Amino acid sequence: MEDQKEKGEISRVAVTGAAGFIGSHTCEGLIKAGKTVIGIDNLSSGKLSNLKGIAEIKRFSFRQADICHKDVMQTTLNDFQPDAVIHLAALVSVPIAESNPEENYRINVLGTKSVAQASIKASAKRIVFASSAAVYGNSDQLPLSEASPTEPINHYGKAKLEAEDMLLSLQNQHRITSTCLRFFNVYGTRQDPSSPYSGVISIFADHCKTGRPVTVYGNGKQTRDFISIRDITRAIINSATNPALPGGSYNLCTGQGNTLLELLNILKEIHPDMPPPIFKEARGGDIKHSLGNPSKARKMLGFEIDTNFSEGITALQNHQ
Ligand SMILES: NC(=O)c1ccc[n+]([C@@H]2O[C@H](COP(=O)([O-])OP(=O)(O)OC[C@H]3O[C@@H](n4cnc5c(N)ncnc54)[C@H](O)[C@@H]3O)[C@@H](O)[C@H]2O)c1
């Protein structure tokens, strides 16, 4: 272990939020890449069953812990000695963060600080943070690049931005590289369709599978930059394990907008008998269009999109 550390190799990785949607795919990818992994999660929304594919593998261990408990985080990371920490645990629901801003701040800002400080004290070399397109707010100057103004319109987006600022300033004071990845709309297996706050794709896909009509708020022409979990996972793992990559903030998106009507058309091809959608009035606060520019991540992190939208949705449906 010491030899590898001296060579700058990243072989031991801690993942917070490991039992969630993105966390479980990340742990699987790291194990596949030969890394030794500890997953940390308080199981507030994540499920151990998400990790069943790797639970028996010796290089994987799991610790049920809350990221806000500083002492527990410190002991966990001191014991494990990670080369890199991937921080995905969060309060992810925008409506819950709006109704309980203190809890949002406690988990998404102070929890991130607890993870960062424990990582630094445990001598981790890299920290990768799950940020969000929510840091940009409701800009109509699309596509959004990292140079676009960051004007979050909700508590969740504000907390992600504050956490990014903190991590990037820690990078200047300590020997750690901070990479903040701004995810756009991620979709894939294990996204919980039973949550009303889940991504639209998992909710639509689940309705189609069970023959229930989907509800579309507005005319369905709103666009989102949907990105497959496969592409997101590859980028997270590369950012954490390639010691040559620089820190900073990066969009993880496709640069392509798809409407909800296009999504419905793809689902209709897969499920010809699906009932027609129910259209309801647009919800206040929903943004009309979201589109990112992935050029910086492409240039600096070597990020490439492998999965096109139609293939990604078809693969998701075939899997379920
Ligand atoms: N899914 C997306 O489209 C998307 C978009 C932008 C950003 N993100 C960010 O990506 C990250 C992962 O999101 P996800 O979609 O996998 O969500 P998820 O809810 O599936 O996973 C989050 C995990 O964090 C755990 N967790 C929550 N609070 C915790 C705490 N205090 N201590 C320890 N564990 C805790 C939960 O139990 C859960 O397993 C989050 O930071 C989220 O904000 C996701």
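What you see below is based on every heavy atom in this structure, not just the backbone, and it leaves out hydrogens, waters and symmetry mates. Just follow the structure's listing: the first ligand is 1, and inside any ligand the first atom is 1. Owing to the predicted nature of the structure, the values given are computational and were not obtained by experimental measurement.
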Point to revise | Backbone of Ala124 reached by a side-chain donor or acceptor of Ser119 within 3.5 Å | key: no
**Study point:** Contact (N/O only, under 3.5 Å) between Leu88 and ligand 1
**Key:** yes
Exercise for review: In sequence, state the C-alpha distance, the side-chain angles, and the governing distance for Asp225 and Asn185, and then conclude on side-chain contact (heavy atoms from CB on, under 4.5 Å).
Suggested key: CA-CA 6 Å; Asp225 191 325; Asn185 288 71; 5.5 Å; no
Practice item. Classify the contact between Tyr156 and ligand 1 as side chain, backbone, both or neither, using a heavy-atom distance cut-off of under 4.0 Å. Key: side chain
**Study point:** Donor-acceptor under 3.5 Å (Asn50 side chain, Ser24 main chain)
**Key:** no
Review point. Can you check whether Lys35 reaches Arg12 side chain to side chain, under 4.5 Å on heavy atoms?
Key: no
Point to revise | Whether Asn251 side chain and Gly292 backbone form a donor-acceptor pair below 3.5 Å | key: no
**Study point:** Contact atoms of ligand 1, heavy-atom distance to Ala130 under 4.0 Å
**Key:** 9 (C), 10 (O), 11 (C), 41 (O)
Review point. What atoms of ligand 1 come within less than 4.0 Å of a heavy atom belonging to Leu43?
Key: 37 (O)
Check your understanding: Would Arg182 and Ser131 count as a side chain to side chain donor-acceptor pair (under 3.5 Å) if you check the C-alpha gap in whole Å, the side-chain angles of each, and the deciding distance to 0.1 Å?
Key -> CA-CA 4 Å; Arg182 296 175 176 169; Ser131 187; 4.6 Å; no
Point to revise | Heavy-atom nearest neighbour in the protein, as seen from atom 8 (N) of ligand 1, with distance rounded to 0.1 Å | key: Phe183 CD1, 3.6 Å
Exercise for review: Check whether any side-chain heavy atom of Thr112 lies under 4.5 Å from a side-chain heavy atom of Met166, and answer yes or no.
Suggested key: yes
Exercise for review: Specify the protein heavy atom at minimum distance from atom 5 (C) of ligand 1: its residue, its atom name, and the distance to 0.1 Å.
Suggested key: Phe184 O, 3.4 Å
**Study point:** Within-shell test, Ser45 vs ligand 1, heavy atom, strictly < 4.0 Å
**Key:** yes
**Study point:** Which residue and heavy atom of the protein sit nearest atom 39 (O) of ligand 1, plus the separation
**Key:** Asp41 OD2, 2.6 Å
Point to revise | Listed partners of Glu162 passing side-chain hydrogen bond (donor to acceptor under 3.5 Å, both in side chains), at least two apart | key: Tyr105
Practice item. Report, in ascending order of atom number, the atoms of ligand 1 lying under 4.0 Å from any heavy atom of Ser132. Key: 6 (C), 7 (C)
Check your understanding: Ala134: heavy atom below 4.0 Å from ligand 1, yes or no?
Key -> no
Review point. Is a side-chain donor or acceptor of Arg126 paired with a backbone partner of Ile86 at a separation under 3.5 angstrom?
Key: no
Check your understanding: What are the two closest non-hydrogen atoms of Val135 and Glu164, and how far apart are they?
Key -> CG1-OE2, 4.1 Å
Exercise for review: Please write down residue, atom name and distance for the protein heavy atom closest to atom 21 (O) of ligand 1.
Suggested key: Gly20 CA, 3.5 Å
Practice item. Step through it carefully: locate the ring centre of Phe309, locate the ring centre of Phe226, and say whether they are under 6.0 Å apart. Key: yes
**Study point:** Carboxylate-amine/guanidinium proximity below 4.0 Å for Arg212 and Asp206
**Key:** yes
**Study point:** Atoms in ligand 1 with a heavy atom of Gly17 nearer than 4.0 Å
**Key:** 23 (C), 24 (O)
Practice item. Go through the side-chain N and O atoms of Thr233 and His25 and say whether any donor and acceptor fall under 3.5 Å apart. Key: no
Exercise for review: Using a strict 4.0 Å threshold on nitrogen-to-oxygen distance, state whether Arg190 and Glu28 make a salt bridge.
Suggested key: yes
Check your understanding: Between Gly46 and ligand 1, does any nitrogen or oxygen pair lie at a separation below 3.5 Å?
Key -> yes
**Study point:** Non-hydrogen atom of Arg182 closer than 4.0 Å to ligand 1
**Key:** no
Check your understanding: Of the protein's non-hydrogen atoms, which lies at the shortest distance from atom 17 (O) of ligand 1, and what is that distance?
Key -> Val92 CG1, 3.6 Å
Review point. Should Ser131 be listed as contacting ligand 1, given a heavy-atom distance under 4.0 Å as the test?
Key: yes
Review point. Does an N or O anywhere in Asp66 fall below 3.5 Å from an N or O of ligand 1?
Key: yes
Review point. Where does Lys47 meet ligand 1, judged by heavy-atom distances below 4.0 Å: at the side chain, the backbone, both, or neither?
Key: neither
Review point. Starting from atom 16 (O) of ligand 1, which protein heavy atom do you reach first, and at what distance in Å?
Key: Ile22 N, 2.8 Å
Revision key, fill the gap. Counting from 1 in the order shown, the ligand 1 atoms closer than 4.0 Å to a non-hydrogen atom of Ala65 are 32 (N), 33 (C)
Review point. Got Asn293 and Glu146 here, is their nearest side-chain heavy-atom distance under 4.5 Å?
Key: no
Review point. Is Val186 in polar range of ligand 1, meaning some N or O pair under 3.5 Å apart?
Key: yes
Review point. Starting from atom 15 (O) of ligand 1, which protein heavy atom do you reach first, and at what distance in Å?
Key: Phe21 CD2, 3.5 Å
Review point. If you count the atoms of ligand 1 from 1 in the order shown, which ones are under 4.0 Å from a heavy atom of Ala19?
Key: 39 (O)
Practice item. Give a yes or no answer on whether the side chain of Gln171 reaches the backbone of Ser178 with a donor-acceptor pair at less than 3.5 Å. Key: yes
**Study point:** ligand 1 N/O within reach of Ala89 N/O, cut-off under 3.5 Å
**Key:** no
Point to revise | Polar atom proximity, Asn42 to ligand 1 (N or O, under 3.5 Å) | key: yes
Exercise for review: Have a look at ligand 1 and work out which part of Asn108, if any, has a heavy atom under 4.0 Å from it: side chain, backbone, both or neither.
Suggested key: neither
Check your understanding: What is the nearest protein non-hydrogen atom to atom 28 (N) of ligand 1, stated with its residue, atom name and distance?
Key -> Ser44 OG, 3.6 Å
